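Accompanying notes for the structure given below.
Letters A, B, ... mirror the listed sequences (proteins, then strands); counts begin at 1. Because the structure is a prediction, the values reported are computed rather than measured.
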Amino acid sequence: MTDPSPGAGYTASELLAVMSGRLLEDGQIVFAGVGIPLLAATLAQRLHAPGLTILFEGGTIGPFIVPGELPPSTNEQRCTRRANMLLTITDTLLLLQRGYVDVGFMGGAQIDIHGNLNSSFIGDPQRPTTRLPGSGGGNDIASLTRMIVAMKHEKRRFVDKVDFITSPGFLAGGESRSASGLIAGGMYRVVTDLAILGFDEASRRMRIDSLHPGVTLQQVQDNTGFELLRAPTIGATEPPSARELAVLREFDPDRLYTA
Amino acid sequence: MTDPSPGAGYTASELLAVMSGRLLEDGQIVFAGVGIPLLAATLAQRLHAPGLTILFEGGTIGPFIVPGELPPSTNEQRCTRRANMLLTITDTLLLLQRGYVDVGFMGGAQIDIHGNLNSSFIGDPQRPTTRLPGSGGGNDIASLTRMIVAMKHEKRRFVDKVDFITSPGFLAGGESRSASGLIAGGMYRVVTDLAILGFDEASRRMRIDSLHPGVTLQQVQDNTGFELLRAPTIGATEPPSARELAVLREFDPDRLYTA
Amino acid sequence: MVESYLDLRGKIASRDRSLREKVMSLEEACKLVRDGDHVALGGCTLSRTPMAMIWALIRAGRKNLTVSRSIVSTEGDLLFASGAGARIVTSWFSQGIVWGVSKVMRQYTETGRAKFEEWSHMAMGLRYRAGAMGVPFMPMRSMMGSDVAGQLDSWREMTCPFTGEKLMLVPALNPDVALVHVQRCDPYGNAQIDGLQFMDIDIPMAATRVILTTERIVSNDQIRRAPDQTKIPFFTVDAVVEVPFGSAPHECYGLYEPYFGHLDSYAEATKRDPEAGVKQYLDRHYHGPKNWAEYLGLLGIENMLDASRRGRSIHDD
Amino acid sequence: MVESYLDLRGKIASRDRSLREKVMSLEEACKLVRDGDHVALGGCTLSRTPMAMIWALIRAGRKNLTVSRSIVSTEGDLLFASGAGARIVTSWFSQGIVWGVSKVMRQYTETGRAKFEEWSHMAMGLRYRAGAMGVPFMPMRSMMGSDVAGQLDSWREMTCPFTGEKLMLVPALNPDVALVHVQRCDPYGNAQIDGLQFMDIDIPMAATRVILTTERIVSNDQIRRAPDQTKIPFFTVDAVVEVPFGSAPHECYGLYEPYFGHLDSYAEATKRDPEAGVKQYLDRHYHGPKNWAEYLGLLGIENMLDASRRGRSIHDD
C-alpha cells in the first residue's frame, strides 16, 4: 500500500482509523473488532461521540480503553477496563441477534463487489494457497447488523468475487442476501485509505461515495479489481485533524495497529 | 385423612416424610419441592445420606436448611443457606433436562392409576369446580426424571383418571409415555401414609409394594379409587424411629408442614 | 403469537439506547405502561416482586394488562381484583403453599372474569430465553403428552432433523414491558442482583421496554469497579426508580425477608369473602396511602425491622 | 453427529456425582482423556487457556484428539505439532492478530496433515449451549448464505413454524472432556471465575467429563459464603488440579496478563521454519521440564513478576 499523500504527516492506517471513526455517531452501540476498529471507536468516543457504547466479542459492554494498553485481541482483561458489564461470549454475540447493535465494525482481508468478506482461504478452499485465521465473530456480525469495514485499498484485496465468503455482504447482490435467510443488517460502508465506499440500493454493488484528500476517482478504480459504481455526488473527506491524530497516537504510542 | 395408627406418636405427615426420606440414597441428586419433600430430603441428608445433594427449583444447588427456618417456597433466601451455587430458575430446570438429577421429589394433590398428577383443575377444566395453583416445576420434573411422590392416601386423591394431567406419569400406560416424546424418566414410587406404591413394568399400573405398620392391603384398596395391583411380595415398612422423628421436629418445630 | 424478527428489531432500533440517566418517579415510570400491554414481572413467588411498580400501576388505573411471571403470588390477586390484570401467564399462581389455594385467584378464574394461562415452569423460562436470544422458539423435552400442552395452542411439536426425536417448540415471549426489582443499579440502569436470579436476566433482554425499581441507586463508577457483577445492561433499561423496600411485603435477598405476619393477615382477610377482602385490602394499602412511604408505614415499622433483621441474617455465614 | 438423548443421559447417570473430593495431579487427570476423544478447551485466545492440562496431555503422548474452543491461539499450534490434536473445531485460529497468521497452523492445515474446521463464533457458542441444555440443536440467524456453512454438512436449515422465517439449526456439541482453568474452586469442583467468562459456563455442562485446573483450591466453606459467585457446579466435575500460573504464557484475569515477550519470541521462532521451530519449542518447554514449576522457571521469574504486576493492575480501579 502506498500512502496516498506522502508528507501528509500521517500513515495510511491512521487515515483509516480517523475516517472510519468519523462514521460513528453519538449514542450508538458499536460492536468493534480489535485493531483499527477498536482505535477508531475509542477515538470517536473521546472526540465527537462521548455516549458511544463499545461492545467487544470477548464479553465486554462499554469499556474505556487505557491509553498505551491496547489489548492483543478482544478477549483479554485489557478490554474490560472500567466496563459497565461483562458477560459470556455467546450472550454478547446474541446481542447482535437480538438487534441491540447499531454498527458492526471490523477490518477486512479481502472484499468483493457485493461486500462479501473473506478471512478464511486464499485460493481454492479445498487446496488453499493460504489458510487464514477464519471467521471469529465476523460471520455473525456481518449477518446480523449494519457493517462498517475498514481496510487498505489494494487491488488484490478488492476482488470481483472472494475465494470464500466468510462474512456475508450482499452475497450475489440484489435480494440474494435476504433470500438466504439474512433478513436484517448488511454492508453499510467500506472505509479505505483512499475513499469511502457504499453500496447501490438495488444492485448492491460497491460504489464510491467520497474521496480522501488528494485522491482521484481513477486512483481508486486502479486499486480495485472490479468496476466501481459512483455515487451521483462524490464527496471529499476532510483530512485528519491534529487533534484526531494526537488522540490516536496517545492510544497507540507503540504503533501496534497504526504503523 | 385418618391417622392409620392413632396413638403411634406421630402424625400422618410425619410418617410420609420419614417413609419417603428413606427412599433417597447417599450420593444422589434430588430435585425437591417445598413441604414434605424438602423435609424428607433434609432428614435423609442428616441421617443416612450425608452426600445427598438437594436442588431447589428457585435456583439453589446443595443448600443446608437451618432448623426452624423452613422456607415458604423453594424461591426465597431461606432456601439458599450455605448453598454451593445459585443459578437462574431456567438453568436449574435445565439440569433435569440435561440428565443431572437422579430423583424428582414432589407432593401431589390428585393421582391416577398410571401415576399422572393433577394440580391444575378439579372438575371439567373448562368450567372447573376448583382452580388449583397449577404446574410450577411439576410438569418438567415429572417429564424429565424419575419421580417420587409423597401424598396422603384418600379415595378422592387416588382416582382412576385425573381430571387434568398436569405432571405426566405413564399417561395411558404401556408405552404411551415414551410415544408422546417423553423418552426419559417416569414415575418411580408413590409414598403415602398407608403404603409405598410402585408401577408394573408392562402395564404401568399402580401397584402396592409395601405396607406401613398396622396397615392392611384392604385398607389401602379401600382408600383408593381404582383397583391396585399387588407386588409378588408385599413388604412391611419399619415404623418411624425416635431419631427420625426428633430430627424432623427439630426442622419443623412449628409444624408448618407436619401438622 | 410470535412477532416477526423485523418487527422486533424495529422496536429496539427506535429506542434511545445511549448511556444516559433515566431516573424517575414511580408515577413517571407508569407512563411507559399502556393499557392492554403484556407486562412481565421479575422475581418469583415472594421474592424480589416488583411490588412498588405494581402498586403504582394499580393506583394509576391501568387496565386489561396481560401479566406474565415465573410464579405468581399475592400480586396476582391484586392485579385481578383491581382490574389492572385481565390475563396471567405463569406456571403456578397462589399466595404460597403454606397459605393454601388463593381464594381470590379461584374467585376470578372460576367465574371466567380473568384468565390464568398455565405453562410448565421451564416453558416460561425458555419462552423468555428465546425472546432474549432473538429467535422465535426454543426446543425442549417437557410438557409433551400432558394436558398443560393440550389446553394451549401456541406451541408446535417437531421431529428433530438430527436425532429423529420428538421435541416441543415453545414460542418466544417478548413482553411489551418488563418490571424488575433489584438491590442496586446506577442511574443508567446497569443492575446488580444478589442471590437468586430467577428469570431476571432473560426477561429484560426479551422485553421492548424495561422499568427497574431498585433498593438504591449507586454511581456508575461503583458499577464499573465490578463489571462482572452486572446482570442487566443499561441499554435494555428505560426507567430507573429508587424505591427502598420496593418488594414489601415480599422479600428482597439479603435485605429483608417476607413480612410473614402481614401475609398471614392478608390470607385471613381474603378467606371468607375473597372479593370483599381483597377490595378492602386494595382500598387500604393501594388507594389509601399518599405515597410509598405511607404504604410502608401501614405495613408497620416493627415489621419492617423484623423483616430486615431476618433478611440480613443471610450475611452471617 | 448429534448423540441420542438416551445415550447422553446414560453417560451422566453412570458418573459419580456426589459431593466428594477429587483433587489430583496433572498426570492423574490425564487418565480421564483417551486418544481420539473430543476435548473442549475453556477460555478464549490468550485468556484462561487450560495450558497446564494441555502441556500434561502432550507430555503423556495423547494422540488423535479433536479439540474445540471458541478461539484458538498458540495451544492449537502445539496440539497440531505434537500430534496430540488431529482436528481443531473453532471460529478463529492463529496466535493472535498482532503476530500475523500462524505459520504453524498454515503448515499443518495447508498440507492436509491436520484439520481446522471453521464455524461462526456464535455457532460454536450455541453448539455448546445446546449440549449444555440437553437439546439436539439451537436455532440461530447467522451463518446462512455464507461459505462457512457451505463447507460443513452437520447443520440443517428450517422454516420456522411460528413465523415462516428461515433459520439455521446448529447441532449440539457434547465434548467427551472439557478442560477449564479457573481462578479458584473447592476440592469438590465448585468453581468461581472472575472477569470474562467466555463459553466456560456452557462447556462443562455440555461435556461428559470435566477437568478443572485452578490457580488455588479454596475450602467448600468459602464457596458457600458466596454461592451466587459459583459458575461451575461440583457435580459436573471429575478432577480438580491446583496449578498456579496454569495458563502461562497466556493470561488469567486479575492475576497475570500474557507473557508478551515470550509470545513474541515464540512467533519469531516459528516464523522461518514453522515445523522445526515449534518442535524445538515443544522439546524445550514441554518435554524438557520435569514438572510444571520447572516449565514456569523456563518462562522466567522476572517475566512472571511482570505478567503478575500487569494482571493485578485490574484491581487498581
Checklist entry - Do B:Thr90 and C:Tyr128 get their side chains close enough for a donor-acceptor pair, meaning under 3.5 Å? => result no

Item to check | Test: B:Asp193 and B:Lys152 ion pair at under 4.0 Å | outcome: no

Checklist outcome for this item: Ranking B:Leu182, B:Thr130, B:Leu144 by heavy-atom pairs under 4.5 Å to chain C gives rank one to B:Thr130

Checklist entry - Heavy-atom distance under 4.5 Å to chain C: side chain of B:Ala184, backbone, both or neither? => result neither

Next on the checklist: What part of C:Met105 gets within 4.5 angstrom of chain B, counting heavy atoms only: side chain, backbone, both, or neither?
Outcome noted: side chain

Item to check | Option that, when pairs with chain B are counted at under 4.5 Å, heavy atom only, ranks first among C:Pro258, C:Ser146, C:Ser70 | outcome: C:Ser146

Checklist entry - Considering residues, nucleotides and ligands other than C:Gln151, do more than 12 of their heavy atoms fall under 6.0 Å from its CD? => result yes

Checklist entry - Should we count CG of C:Asp153 as having more than 12 external heavy atoms under 6.0 Å? => result no

Next on the checklist: For B:Val159 and B:Phe226: C-alpha separation, side-chain torsions, deciding distance, then whether side chain to side chain contact (heavy atoms under 4.5 Å, CB included) applies.
Outcome noted: CA-CA 6 Å; B:Val159 298; B:Phe226 52 88; 5.6 Å; no

Checklist entry - Among B:Gly136, B:Ser143, B:Gly181, which has the most heavy-atom pairs under 4.5 Å with chain C? => result B:Gly136

Item to check | Which portion of C:Ile201 sits near chain B, non-hydrogen atoms under 4.5 angstrom | outcome: side chain

Item to check | Residue part contacting chain C, namely of B:Arg177, when any heavy atom lies under 4.5 Å | outcome: neither

Item to check | Centroid-centroid under 6.0 Å between B:Phe105 and B:Phe31 rings | outcome: no

Item to check | B:Thr129 portion near chain C, given a 4.5 angstrom heavy-atom threshold | outcome: backbone

Checklist entry - By a 4.5 Å heavy-atom criterion (distance strictly below it), what part of B:Leu70 contacts chain C: side chain, backbone, both, or neither? => result neither

Checklist entry - Between B:Leu132 and chain C, which part of the residue has a heavy atom less than 4.5 Å away: side chain, backbone, both or neither? => result both

Checklist entry - With a 4.5 angstrom heavy-atom cut-off, which part of C:Leu46 approaches chain B: side chain, backbone, both or neither? => result both

Checklist entry - Who wins among C:Gln197, C:Glu257, C:Glu165 for the most heavy-atom pairs under 4.5 Å with chain B? => result C:Glu257

Next on the checklist: Given heavy-atom pairs under 4.5 angstrom as the criterion, report whether the side chain, backbone, both or neither of B:Glu57 touches chain C.
Outcome noted: side chain

Checklist outcome for this item: Honestly, the part of C:Arg141 sitting under 4.5 Å from a heavy atom of chain B is both

Checklist entry - So which of C:Met140, C:His250, C:Glu251 has the largest heavy-atom pair count under 4.5 angstrom toward chain B? => result C:Glu251

Checklist outcome for this item: Checked B:Pro72, B:Pro168, B:Gly137 vs chain C; the most non-hydrogen pairs under 4.5 Å come from B:Pro72

Checklist entry - So, are C:Arg309 and C:Asp306 salt-bridged, with charged N and O less than 4.0 Å apart? => result yes

Checklist entry - Does any heavy atom of chain C fall under 4.5 Å from the side chain of B:Leu86, the backbone, both, or neither of them? => result side chain

Next on the checklist: Please identify, among C:Met124, C:Glu110, C:Met144, the residue contributing the most non-hydrogen atom pairs under 4.5 Å to chain B.
Outcome noted: C:Glu110

Item to check | Ion pair check, B:Asp102 and B:Arg146, cut-off under 4.0 Å | outcome: no

Item to check | NZ/NE/NH1/NH2 to OD/OE distance under 4.0 Å, C:Glu215 and C:Arg184 | outcome: no

Item to check | Any donor-acceptor N or O pair under 3.5 Å, side chains B:Ser176, B:Arg204 | outcome: no

Checklist entry - Among C:Cys252, C:Gly43, C:Ser47, which has the most heavy-atom pairs under 4.5 Å with chain B? => result C:Ser47

Checklist entry - Where on B:Thr166 is there a heavy atom nearer than 4.5 Å to chain C: the side chain, the backbone, both, or neither? => result both

Checklist entry - Most heavy-atom pairs under 4.5 angstrom with chain B, which of C:Ser102, C:Gly112, C:Cys44, C:Gly195? => result C:Cys44

Checklist entry - Between C:Arg310 and B:Glu69, is the closest basic N to carboxylate O distance under 4.0 Å? => result no

Checklist outcome for this item: Turns out that what part of C:Ser313 lies under 4.5 Å from chain B's heavy atoms comes down to both

Next on the checklist: Would you call the rings of C:Phe80 and C:Tyr108 parallel, tilted or perpendicular, taking 30° and 60° as the class edges?
Outcome noted: tilted

Next on the checklist: When you compare the side chain of C:Ser120 with that of C:Ser142, does any pair of heavy atoms fall below 4.5 Å?
Outcome noted: yes

